Amino acid sequence: MKLIDLHCDTIYRIFNNEISSNLRKNQFQVDIEKLKRADSMAQFFALFLDLEEIDKKASPLEHCLAMLDRFYQEIDRNKDQIAIAKNYQDLITNKKNNKISAFLSIEEGEVLEGTLANLRNFYRLGVRLITLTWNYPNSIGYPNCKKEYMNKGLSTFGKKVICEMNHLGMLIDVSHLSDGGFYDVAKLSSQPFIASHSNSRSIKDHSRNLSDDMIKILANKGGIMGINFAADFLGSSEISRVNDMIKHISHIKKVGGIDVIAIGSDFDGIDCRLEINNIAKIARLTDALKKANFTFDEIEKIYYKNAQRVIKEVLK
């Protein structure tokens, strides 16, 4: 079964373990060897920034550019196995050449530093998805990690970002974004948008998950949401359990339909114990979906076809 995973933090891990880590084979949850065992068609790699963690001598933009440079170094070193993809045609070309596609994303919109020129330059450098916020307010909007932020919407600059991302052909990612920000994106975006790594709030009442109303809106816009493997967003167990994933997938299908569901593992951004402890073990979810009476066609949509459709519709 082919796979497109909408979110991992592997490049962040490699960047912060520069001497000992690489993309081909590492101690993390995603590397090229594991992706091959997972029959991965494409992996979205996030340039993740914790604004309180980065070196204060470097701006968010500078820090992100340094991480981006490391990403391209890893792609170049492994160009026999993996290649950058910027759109649907690249995805298909890489598949024909037996290469995994690497889509480049940013997780923390403050790297734009309030300037649309930076957005356009990141586009020129190959970035095709931006997770608008992480866990701090930024120049775009507010995260959904505190109650006082939940109903706050996008800033004036944030609204301009949505319009420019539509114009450029970039994926808008609302995972981590406040509820108010979500509804602003839904109103403003002329293209499908996504929640790259979020689950159902009805199944697990966590602010990072989407309400049923949000799921319906996302589905009606032609967007997708990637099932997040982190235990905190799945259920009451401290272990990330496959059965909890099935509960979320089943509920989301009931609310928004099968076409809104995708995979967004959040691998290498997860600290909990997992039944699927790396990308190579994804077949455990396949088996569970079959036991839960999901059809082969439905599993294909969840694993890659829904993501492939949105890539084809949005990315330029």
Side-chain angles (χ1 to χ4, degrees), residues 1-7 38-44 85 87-89 91-92 95 101 103 105 128-129 131 162 165-166 169-175 177 182-183 185-204 208-229 233-234 242 244-266 282 285-286 288-316:
M1 183 75 67
K2 293 296 180 184
L3 174 67
I4 297 177
D5 180 9
L6 296 172
H7 187 85
D39 198 17
S40 176
M41 186 178 184
Q43 178 67 54
F44 280 73
N87 51 43
Y88 176 75
Q89 188 55 56
L91 178 70
I92 298 306
K95 182 183 176 185
S101 284
F103 284 93
S105 67
R128 288 298 182 270
L129 181 154
T131 308
I162 300 307
M165 289 181 73
N166 281 168
M170 300 178 75
L171 282 168
I172 299 160
D173 181 14
V174 298
S175 283
L177 188 63
F182 174 97
Y183 287 112
V185 170
K187 288 178 184 177
L188 290 167
S189 182
S190 61
Q191 298 293 320
F193 63 96
I194 76 168
S196 67
H197 54 302
S198 296
N199 297 334
S200 164
R201 199 178 292 178
S202 291
I203 300 299
K204 171 64 176 184
R208 277 276 285 99
N209 290 335
L210 302 187
S211 69
D212 286 357
D213 183 58
M214 291 175 175
I215 293 170
K216 290 175 184 175
I217 289 171
L218 188 65
N220 289 336
K221 293 285 286 191
I224 51 175
M225 56 190 294
I227 298 301
N228 189 322
F229 291 9
F233 309 135
L234 286 170
V242 175
D244 288 327
M245 295 179 195
I246 299 299
K247 290 177 184 177
H248 282 269
I249 292 170
S250 297
H251 180 78
I252 294 165
K253 177 187 171 184
K254 181 179 179 181
V255 172
I258 196 68
D259 292 339
V260 79
I261 312 170
I263 301 295
S265 66
D266 203 9
I282 193 70
L285 179 57
T286 316
L289 286 165
K290 289 176 181 176
K291 289 179 182 178
N293 296 317
F294 282 82
T295 67
F296 180 82
D297 288 345
E298 288 176 327
I299 298 171
E300 275 196 322
K301 285 189 173 187
I302 294 167
Y303 271 51
Y304 78 97
K305 284 192 172 179
N306 289 338
Q308 183 176 258
R309 169 182 55 80
V310 173
I311 288 167
K312 187 174 184 179
E313 289 181 12
V314 177
L315 298 188
K316 297 178 184 176

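Keep in mind that this is a model prediction, so the values were computed, not measured.
- With no hydrogens or angles considered, no side-chain donor-acceptor pair links Thr131 and Ser175 at under 3.5 Å.
- Note that CZ of Arg128 is 9.5 Å distant from CZ of Phe103, once rounded to the nearest 0.5 Å.
- Among pairs with a residue in residues 255-264, those fulfilling side-chain hydrogen bond (donor to acceptor under 3.5 Å, both in side chains) read Asp259-Lys301, at least two apart in sequence or across chains.
- Looking at residues two or more places apart in sequence or on another chain, you find no side-chain hydrogen bond (donor to acceptor under 3.5 Å, both in side chains) involving Asn199.
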Apply side-chain contact (heavy atoms from CB on, under 4.5 Å) to residues Ile302 and Ile249 and explain how you reach the verdict.
CA-CA 9 Å; Ile302 294 167; Ile249 292 170; 3.8 Å; yes
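- Taken to the nearest 0.5 Å, the CD1 atom of Ile299 stands 5.0 Å off from the CG atom of Leu289.
- In this structure Lys95 satisfies the side-chain contact (heavy atoms from CB on, under 4.5 Å) test together with Lys2, Met41, sequence neighbours excluded.
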side-chain contact (heavy atoms from CB on, under 4.5 Å) between Asp39 and Ile282, worked out
CA-CA 9 Å; Asp39 198 17; Ile282 193 70; over 6 Å; no
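- Note: Tyr303 and Phe296 fail the aromatic proximity criterion, with ring centroids not under 6.0 Å apart.
- For the side chain to side chain contact (heavy atoms under 4.5 Å, CB included) with Phe193, the lone residue among Leu218, Ile162, Val310, Val314 that qualifies is Leu218.
- For the atom pair Ile194 CD1 and Asn306 CG, the distance stands at 12.0 Å (nearest 0.5 Å).
- A donor-acceptor contact shorter than 3.5 Å links the side chain of Asp173 to the backbone of Ser196.
- Between the side chains of Asn166 and Ser189, at least one donor N or O lies within less than 3.5 Å of an accepting N or O.
- Side-chain N or O atoms of His248 include one that pairs as donor or acceptor with a backbone N or O of Ser200 at under 3.5 Å.
- A distance-only check finds a donor-acceptor pair linking the side chain of Asp5 to the backbone of Ser265 [under 3.5 Å].
- Arg208 forms a cation-pi arrangement with Phe233, by the criterion of a distance under 6.0 Å to the ring centre and an angle within 45° of the ring axis.
- A cation-pi contact, defined as under 6.0 Å to the ring centre and within 45° of the axis, is absent between Lys316 and Tyr88.
- For residues 210-225, every residue pair satisfying the side-chain hydrogen bond (donor to acceptor under 3.5 Å, both in side chains) rule, not counting sequence neighbours, is listed here: Tyr183-Asp213, Ser202-Asp212, Asp212-His251.
- One distance of note links CD1 of Ile252 with CG of Leu210; it measures 7.5 Å at 0.5 Å rounding.
- Side-chain N or O atoms of Ser250 include one that pairs as donor or acceptor with a backbone N or O of Ile246 at under 3.5 Å.
- Every residue two or more places apart in sequence or in another chain that forms a side-chain hydrogen bond (donor to acceptor under 3.5 Å, both in side chains) with Arg201 is listed here: Asp179.
- Rounded to the nearest 0.5 Å, atoms CG (Leu234) and CG (Asn209) are 8.0 Å apart.
- For residues 302-315, the set of pairs meeting the salt bridge (charged side-chain N to carboxylate O under 4.0 Å, His left out) definition, not counting sequence neighbours, comprises Glu300-Lys305, Arg309-Glu313.
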